[in-house]
Amino acid sequence: MIALARSGEQAEDGYYEKYRANLEKRVKEQSGVLSENRYTEYSRAILASRAIGIDPADIGGYDLVKPLEDFDSVTAQGLNGAVFALLALNADRADTNGELEQKYLTYIVDQEKPDGGFSLDDSSDTADVDLTAMTLQCLEPYATEEEISAIIDRGVEFLADAQAEDGGYEAYGDKSSESVSQVILALSTYGIDCNKDARFQKKEKGLYDTLRWSIIKKMEAFPMY
């Protein structure tokens, strides 16, 4: 929903309305509980709803924003739970809860690794490209704060250093187009043109080059898609 709404492309008639109807149906069937332990379910639904102009505080009579007030349950999922919650809370600044927002921000900032990146594993000093890129995306509303600005700068440098020589990224030992996409999103958030920024050019190849190549290869391998 987010990608389609932001693409500027025309969705087929009734597409967004169908999404809302399906979301309402699911919410009602589950009495407003999208998940007992994965609170990113609420955050993603909020982000999708905001993207297409739906009020997530009233989906079939249920408020999908309310569960994000349960800080302990959200962060029990780890850093990604807090990152998605902060993205969701900032999807409409008018509805932001300042105290709760700051609580998530503090939690996220405290998760920074020594190399400037972030990871799901809070027991390791090894950072992860995807989580670092996602974290940078959620920090954008606070970029004017000196401490946050420095964290963002370190995160960008981590992403540049982690880029492979072929211009892409690896996740768990395999080439990952998702990691490339997350980094493009993070850099775009801060107006960094990864086609021109020398830090993200490897052997005259950049992130878009690698993403195009991976899409072509995927289409060749799975032509039915």
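Values below: all heavy atoms of this structure, side chains included; hydrogens, waters and symmetry mates excluded.
Between E69 and K66 there is a salt bridge, since at least one side-chain N of the basic residue sits less than 4.0 Å from a carboxylate O of the acidic one. Note on D115 versus K113: no salt bridge recorded, every NZ/NE/NH1/NH2 to OD/OE distance being 4.0 Å or above. Between E12 and K18, none of the side-chain N atoms (NZ, or NE/NH1/NH2) sits under 4.0 Å from a carboxylate O, so this pair counts as no salt bridge. For the pair D166 and K175, the salt-bridge criterion is met [side-chain N within less than 4.0 Å of a carboxylate O]. Ion pairing of K103 with E99 is absent here, as no side-chain N (NZ or NE/NH1/NH2) approaches a carboxylate O to less than 4.0 Å.
With hydrogens and angles ignored, the 3.5 Å screen pairs no side-chain donor or acceptor of Q182 with any backbone N or O of T132. The backbone N or O of L159 sits less than 3.5 Å from a side-chain atom of Y169, completing a donor-acceptor pair. Put simply, the side chain of D209 gets close to the backbone of G206: a donor and an acceptor are under 3.5 Å apart. Proximity of a side-chain donor or acceptor of T106 to a complementary backbone N or O of Q102 within less than 3.5 Å is detected. No donor-acceptor distance shorter than 3.5 angstrom exists from the side chain of S149 to the backbone of E146, with no hydrogens or angles considered. Q163 places a side-chain N or O within donor-acceptor distance of the main-chain N or O of G167, the cut-off being under 3.5 Å. At distances below 3.5 Å, not a single donor-acceptor pair connects side-chain atoms of E101 with backbone N or O atoms of L86.
At most 12 non-hydrogen atoms from other residues, nucleotides or ligands lie less than 6.0 angstrom from CG of D13. Counting non-hydrogen atoms of other residues, nucleotides and ligands closer than 6.0 Å to CZ of R154 gives a total above 12.
Contact record, Q137 with L185: NE2-CB, 3.7 Å, taken as the closest heavy-atom pair. The minimum heavy-atom distance linking A5 with I52 is given by the pair CB-CG2, 3.9 Å. Nearest approach of A143 to Y190, heavy atoms of both residues: CB-CE2, 4.2 Å. Closest approach of S73 to Y39, counting heavy atoms only: CB-CZ, 3.6 Å. The nearest pair of heavy atoms linking S181 to L211 is OG-CD1, 3.6 Å. When all heavy atoms are compared, the tightest approach of V33 to Y42 is CA-OH, 3.3 Å.
The one candidate from T126, D125, L79, D128 that meets the side-chain contact (heavy atoms from CB on, under 4.5 Å) condition with S119 is D128. Among I192, D197, D193, the single residue meeting the side-chain contact (heavy atoms from CB on, under 4.5 Å) criterion with L187 is I192.
Between F158 atom CZ and T135 atom OG1 the span is 10.5 Å, to the nearest 0.5 Å. One distance of note links CG of L47 with CD1 of I2; it measures 4.5 Å at 0.5 Å rounding.
A 4.5 Å side-chain heavy-atom check between L105 and I148 finds at least one atom pair inside the cut-off. With a 4.5 Å cut-off on side-chain heavy atoms, L87 and M134 do not count as touching. You'll find the side chain of E157 reaches within 4.5 Å of the side chain of R199, heavy atoms only. No side-chain heavy atom of S176 sits under 4.5 Å from any side-chain heavy atom of E170. At least one side-chain heavy atom of I151 sits under 4.5 Å from a side-chain heavy atom of F118. Side-chain contact check for P141 versus L139: every heavy-atom pair is 4.5 Å or farther apart. Using a 4.5 Å heavy-atom threshold, the side chains of D55 and S49 count as separate. Annotation: side chain of T40 is not in contact with side chain of V83 (no heavy-atom distance under 4.5 Å).
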Y208/V180 under side-chain contact (heavy atoms from CB on, under 4.5 Å): CA gap, chis, key distance, verdict: CA-CA 8 Å; Y208 285 110; V180 174; over 6 Å; no
Y15 and M1: CA distance, side-chain angles, deciding distance, side-chain contact (heavy atoms from CB on, under 4.5 Å) verdict: CA-CA 9 Å; Y15 191 83; M1 288 298 105; 2.9 Å; yes
Full working for side-chain contact (heavy atoms from CB on, under 4.5 Å) between F84 and C138: CA-CA 8 Å; F84 268 95; C138 85; over 6 Å; no
Walk me through it: do E41 and R26 pass the test side-chain contact (heavy atoms from CB on, under 4.5 Å)? CA-CA 12 Å; E41 292 289 307; R26 182 183 173 193; 3.4 Å; yes
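Between F71 and Y107, the two ring planes are perpendicular [angle over 60°; tilted spans 30° to 60°].
Scored by the side chain to side chain donor-acceptor pair (under 3.5 Å) test, D130 finds S179 as partners (sequence neighbours excluded). Every residue two or more places apart in sequence or in another chain that forms a side chain to side chain donor-acceptor pair (under 3.5 Å) with E29 is listed here: K25.
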